[in-house]
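Each remark here refers to the structure printed beneath this line.
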2 protein chains.
Amino acid sequence: MEQRRADAIAEELEELIFDGTFSDGDRLDEVRLAERFRVSRTPLREALQRLARSGLVELIPRRGAFVRQPGPVELMEMFEVMAEVEAVCGRLAAVRISDSALADLHDANQKCQAAVDCQNSETYYIENERFHKIIYKQSGNSFLETETGNLHRRLKPFRRQQLRLRGRMAQSMAEHRSILEALESGDPEAAAVALRGHVAIQGEKFHSLMVNLKKASA
Amino acid sequence: MEQRRADAIAEELEELIFDGTFSDGDRLDEVRLAERFRVSRTPLREALQRLARSGLVELIPRRGAFVRQPGPVELMEMFEVMAEVEAVCGRLAAVRISDSALADLHDANQKCQAAVDCQNSETYYIENERFHKIIYKQSGNSFLETETGNLHRRLKPFRRQQLRLRGRMAQSMAEHRSILEALESGDPEAAAVALRGHVAIQGEKFHSLMVNLKKASA
DNA sequence: GTCAATAATGCTGTATACAAGAATAGATTT
DNA sequence: AAATCTATTCTTGTATACAGCATTATTGAC
């Protein structure tokens, strides 16, 4: 059983928030949620605190827990930081990466390409993630690796929609290749620039998505 | 009263860990701590989870909470990330900083210099912190500002000891000046390089401190 | 004498009961 | 009629009681 109770509940709640069951600003009633998950308030409160830690809910003392989806501005900020942090990973990895990791990157990239050819966005998504996680690890800094992974995870639900944009996967592949080249030639600045651009463009794509969404709803 | 109970306890516990009352690997008994703070286990557990979030304790399910001081390797990693993240702040701030913020930086720097002249390391420490926090804010990215501030806070107890190193404050002042120049001329790369070097050197100073400590104890 | 197995103790994780504060609704006053 | 104050109710924060798992110690067997 362990403490997994709170952990499992936190994950389920996360899903419910992403699914839109609870939307921004909603108050999360402890009692009702406790009934829903068939647990007492104690583990549920711990789950809420876990979510507060990752920024998904805001805990206001004596008032309750409120769903706090990051707004467009904050999302852009997070994408900007993601781009910079990945650039850092790239710069460090360029001089620290192992040969076997380079081989793994090639492998992930080839599978990405195969996914593009098959129009299989699910596989592409998975291999793309593997590609990036290899770079995090090869930064040779496990603290950086963990923190970058956390931010990556937080942005996951927002990055996913972009794959549907026409031509995005092909463009992304080209960027991957230049990243790989920079890493292979051991050029820190080139790797940093390539990765920064690669991730930053996701933020911009996301931005235009938001704008179009607004236009559509107006 | 609010939920501040857990927050206050978390801070006190943090102090106790930094003071050495609890050292690395110590198990934190919930019942004894609850008695010590005159509260029940419930708010104390919340405090422990808060500390787990900042990485000071490790929560092992069904085993308890253990003090987890970062080891030398992890500390070096954290300093490296700190240097890179501050460099990012600098690069963004170089093109976004306001005139009034530049004036504030000058002011903080002058007060730093005055503190060096007076051999007042306490004041130096405070103004130095202000100097850096202004740059975080002027990155124009409040998410980055918050995250950088968090890491800064986490490294606080380890950075403090370095000020005692002979000549460190003077050297630091020179670095501050070059940072300020880069920001004033709006040169992103120069600002990034200056800040990275300024912070990275703290990690190296810390490293040599550790080595000396080891030599002394051997 | 040593190792293993079982029992007992002590801790964490969970539930429930209680207290205090916040929000809302109703009544009274201006 | 509107606004304010008060009282009631609902919710959060805290304490305590209970259950389950881990650790340790003791006993028995090899």
Side-chain angles (χ1 to χ4, degrees), chain A residues 1-17 19-70 150, chain B residues 1-70:
Chain A
M1 265 200 200
E2 303 179 342
Q3 193 190 10
R4 301 291 170 114
R5 209 66 169 188
D7 211 346
I9 291 172
E11 274 186 45
E12 280 194 63
L13 265 176
E14 218 176 271
E15 275 303 314
L16 287 177
I17 292 174
D19 286 3
T21 310
F22 301 109
S23 47
D24 193 55
D26 284 2
R27 205 174 69 78
L28 298 174
D29 190 296
E30 292 181 1
V31 184
R32 258 185 279 180
L33 284 177
E35 282 175 14
R36 177 168 194 153
F37 288 109
R38 308 282 186 183
V39 293
S40 90
R41 282 177 52 218
T42 313
L44 193 126
R45 280 175 64 86
E46 296 194 355
L48 285 179
Q49 296 192 356
R50 263 186 142 84
L51 289 184
R53 172 201 310 174
S54 54
L56 262 138
V57 305
E58 191 175 9
L59 254 46
I60 303 179
R62 282 287 177 196
R63 294 284 308 273
F66 296 84
V67 177
R68 195 185 160 289
Q69 294 273 36
N150 286 342
Chain B
M1 265 205 197
E2 302 176 344
Q3 194 192 7
R4 302 292 169 114
R5 206 66 166 193
D7 211 346
I9 291 173
E11 274 187 46
E12 280 194 64
L13 264 176
E14 218 176 271
E15 275 303 314
L16 287 176
I17 291 174
F18 289 150
D19 287 3
T21 309
F22 301 109
S23 46
D24 192 55
D26 283 2
R27 209 174 69 78
L28 297 174
D29 190 296
E30 293 182 359
V31 183
R32 258 185 277 182
L33 284 177
E35 282 176 15
R36 178 169 194 152
F37 288 110
R38 306 283 187 181
V39 293
S40 89
R41 282 176 52 216
T42 312
L44 193 125
R45 280 176 63 87
E46 296 194 355
L48 285 179
Q49 296 193 355
R50 265 189 144 82
L51 289 185
R53 171 188 178 269
S54 53
L56 262 140
V57 305
E58 191 175 8
L59 253 46
I60 301 179
R62 284 284 177 199
R63 295 284 306 272
F66 296 84
V67 176
R68 194 185 160 292
Q69 295 273 38

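Each chain gets a letter, A, B and so on, in the order the sequences are listed, and its residues count up from 1.
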> Is any side-chain N of the basic residue among A:Arg45 and B:Glu46 closer than 4.0 Å to the acidic one's carboxylate O?
Replying inline: yes
>> Rounding to an integer number of Å, can you tell me how far B:Arg45 CZ sits from D:dG13 P?
In response: 17 Å
>> What contact category does B:Arg32 fall into here, base, sugar-phosphate, or nothing, at under 4.0 angstrom with non-hydrogen atoms?
In response: nothing
>> As a test of reading the structure: which of D:dT16, C:dA20, C:dT14 is closest to the side chain of B:Ser40, going by heavy atoms?
In response: D:dT16
>> Measure CZ/B:Arg41 against C1'/C:dA15 and give the value in whole Å, please.
In response: 12 Å
Table of protein N/O atoms under 3.5 Å from nucleotides 23-25 of chain D N/O atoms:
from: D:dT23; atom 1: OP1; to: B:Arg63; atom 2: NE; distance (Å): 3.0
from: D:dT23; atom 1: OP1; to: B:Arg63; atom 2: NH1; distance (Å): 3.0

> Can you tell me how far C1' of D:dT16 sits from CG of B:Leu44, to the nearest Å?
Replying inline: 15 Å
>> I need the CD-C1' distance between B:Gln49 and D:dG13, as an integer number of Å.
In response: 15 Å
> For B:Leu28, which contact category applies under a 4.0 Å heavy-atom criterion: base, sugar-phosphate, or nothing?
Replying inline: sugar-phosphate
> For B:Leu48 and B:Val57, which heavy atoms make the closest approach, and how far apart are they?
Replying inline: O-CG2, 3.6 Å
> Of all heavy-atom pairs between B:Gln49 and A:Arg53, which one has the smallest distance, and what is that distance?
Replying inline: O-NH2, 4.3 Å
> Counting only side-chain N and O atoms of B:Arg27, is one of them less than 4.0 Å from OP1 or OP2 of C:dT12?
Replying inline: yes
> Roughly, in whole Å, what's the span from CD in A:Glu30 to P in C:dT14?
Replying inline: 15 Å
>> Using whole Å, what does the distance between atom P of nucleotide C:dC11 and atom CG of B:Leu59 come to?
In response: 16 Å
> So which one's nearest nucleotide on DNA chain D is more toward 5', A:Thr42 or A:Gly64?
Replying inline: A:Gly64
>> Side chain of A:Asp29 only, heavy atoms from C-beta on: which candidate in C:dA15, C:dT12, D:dT11 is closest?
In response: D:dT11
> Counting side-chain heavy atoms from CB outward, which of C:dA15, C:dT14, C:dA20 is closest to A:Arg62?
Replying inline: C:dA20
> Do you know the tightest heavy-atom contact between A:Ala6 and A:Arg50?
Replying inline: O-CD, 4.5 Å
> How far apart are the closest heavy atoms of A:Ile9 and A:Ala47, and which atoms are they?
Replying inline: CG2-CB, 3.7 Å
> Roughly how far, to the nearest 0.5 Å, is the CD atom of A:Glu12 from the OG1 atom of A:Thr21?
Replying inline: 11.0 Å
> Checking side-chain contact (heavy atoms from CB on, under 4.5 Å) against B:Arg36, which of B:Leu16, B:Asp29, B:Leu44 comes through?
Replying inline: B:Leu16
> How many Å lie between CZ on A:Arg50 and C1' on C:dG13, as a whole number?
Replying inline: 13 Å
>> Closest approach to the side chain of A:Pro61, judged atom by atom: which nucleotide of C:dT14, D:dT11, D:dG13 is it?
In response: D:dG13
> To the nearest angstrom, how far is B:Leu48 atom CG from C:dG13 atom C1'?
Replying inline: 13 Å
